[in-house]
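So the structure is just underneath, and the comments pick up after that.
Every heavy atom of this structure was used, including side-chain atoms; hydrogens, water molecules and symmetry mates were not. Since this is a predicted model, take the numbers as computed values, not measurements.
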Amino acid sequence: MKKTMTISVLLLLASNLACSSTSSEPGNALFILPSDPPKIKDPAPSQGPMLFSNPLRRAVPGKADGSLTLAKVLQSIEESFPLLAAAEQQQVLAQAKALSARGAFDLTLKGNAQWAPEGFFENHSFKTQVEQQTGLYGAKFFTGYRIGSGDFDLTFDGKRRTNHGGEIFAGASLPLLQGGVIDEARTKQRQADLEVEVAGAMVTDRRIKVAKEASKAYWQWLAAGQQLRIAKDLLEIAERREKQLSKQVEKGEIPRITLVDNERLLANRNEFLISAQREFQKSSFALSLFVRDAEKRPIIMGIESLPKAFPLPLSLESSRQEIDIARAMEQNPKLKALALKRNQFEIEKKLRSNQKLPTLDFSVLASQDRNEDQPSKTKGDFELYLGLEFKFPLQRRKAIGLLKAAQAKLRQIEAEERFMRNKIRAGVLDLLSEISAQSQRIKQTRLGVDLSRQLAKAERSLFQQGQSDLLRVNLREEAVAKAEIKSVSAQKSFWESIANYKAALSFVENGLE
């Protein structure tokens, strides 16, 4: 009995040791029992994309002059954008699945009871057992107690009979070949842990995409606001001239038809203003999806929150392209997710290779009946059993087929990784080229604005001197408006390219490093 108690204590100590040990390396086959699933944290700036900085302390705008900044839009997203909250739930779901995969290593309590109240052999028996599956080379430990009394057929079920005090038993099983280095339970647990990291990468990917969409919505809103200002300025010029022309008509200095012509211009410019107002409202509604108050309700930004102008264009040196390409490949969340998927199938491949081996399990069982002052006829002293169990499908078609499937999936993912790296490199180079072209376009459109304003000013001066007519003045003023709209469009396109470039580099802080 003392031997059995000693073995039971040793097995339980081993089980407790198993519970306190863990290995988080996905490729490490020897671990004892898994800890809780890993929780994804936002990467630090030195390790990954810097996402949205400080929380939104007040509901927009951000500048002292009351204008809305892109930084505030991005902060608002981090605080309250619904699709980000939805993406984070996917990560919670992955963590729940990882926790579920650890169920294979739960401490298990088992029991059964049998009664034969009528018949030639009247007896009853009861058994309870605690089992612990570990990752210690696939070892399983168990210990328990059973009792059986009454009349038993000693040929068939005599083992169910015990002494009056019952029997304490303990044992273990250890796979020597298949299931030792790795098994299904450990594979699923490691793959589930990697899936949590995949979900975290996908949350980051969603944040980057939302930040890009929000940035483009912001620049579209700013461009629409600038065009609205251009339309208002164009109308105000015609309105001021209307007053001057009315006085000249009253004095008989000019014919009334000139005033009528200006009224026609007023109608056209009012129409242009209405169209610009509609575009600004439309862009405000689109931006409101990303700008929310403390109660997470969309805020429709008015003209009063519009900045005076676009920021000055950034100057990106061509020498940074290799650094940015390396960063883009290192930080790209989709590429990270592919690498994690590759790790999952590498574990799968290792499992399937192991399953080609024969099953050879070693087991040990020790037992001791209690209450030795009233022993049964069939129960003696301490009992110890050692055993080996062998199994080997000769064709091994299942294991070979699953191994080939895992190898094919690995090759598929590796090919996708190569293509994605090529795509990332080409995308960064293309965006750098686009940003450079947009920067040159801004310079040319600004030059066009300056020249158009000079011509319009000269034409108005000639008109006042009676050396030009209203048609030419109108054409010059409309040329200024068109040049200004082109300049606004060029600036919008530039900053949209910057938004795309930030997304390609997997960071969304306000500005580029």
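E131 has a carboxylate O that lies under 4.0 Å from a charged side-chain N of K110, or vice versa, which qualifies the two as a salt bridge. For the pair R207 and E78, the salt-bridge criterion is met [side-chain N within less than 4.0 Å of a carboxylate O]. In this structure, K209 pairs ionically with D205, as a charged nitrogen and a carboxylate oxygen lie closer than 4.0 Å. Between K423 and D430 no salt bridge is recorded (no basic side-chain N to carboxylate O distance below 4.0 Å). Using a 4.0 Å cut-off between a side-chain N of Lys or Arg and a carboxylate O of Asp or Glu, E184 and R352 qualify as a salt bridge. Using a 4.0 Å cut-off between charged nitrogen and carboxylate oxygen, D324 and R327 do not count as a salt-bridge pair.
Residues passing the salt bridge (Lys or Arg N to Asp or Glu O under 4.0 Å) test with R342, sequence neighbours excluded: E346, E417. With sequence neighbours left out, the side-chain contact (heavy atoms from CB on, under 4.5 Å) criterion links L432 to L316, Q321, V428, Y501. Scored by the side-chain hydrogen bond (donor to acceptor under 3.5 Å, both in side chains) test, K216 finds N500 as partners (sequence neighbours excluded). Not counting sequence neighbours, R278 has no partner by the side-chain hydrogen bond (donor to acceptor under 3.5 Å, both in side chains) test. Qualifying side-chain hydrogen bond (donor to acceptor under 3.5 Å, both in side chains) partners for K341, counting only residues two or more places apart in sequence or in other chains: E195. Legend: residues meeting side-chain contact (heavy atoms from CB on, under 4.5 Å) with R397, ordered by chain and number and at least two apart, are Q395.
Taking NZ from K502 and CD1 from I208, the interatomic distance works out to 12.5 Å, rounded to the nearest 0.5 Å.
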- Query: For E434 and S497, what are the C-alpha separation, side-chain angles and deciding distance, and is it a side-chain hydrogen bond (donor to acceptor under 3.5 Å, both in side chains)?
  - Reply: CA-CA 7 Å; E434 180 180 328; S497 298; 2.4 Å; yes
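Ring orientation note: the planes of F169 and F142 are tilted relative to one another, at an angle of 30° to 60°.
With hydrogens and angles ignored, the 3.5 Å screen pairs a side-chain donor or acceptor of Q133 with a backbone N or O of G138.
Between E213 and L289 there is no side-chain heavy-atom pair separated by less than 4.5 Å.
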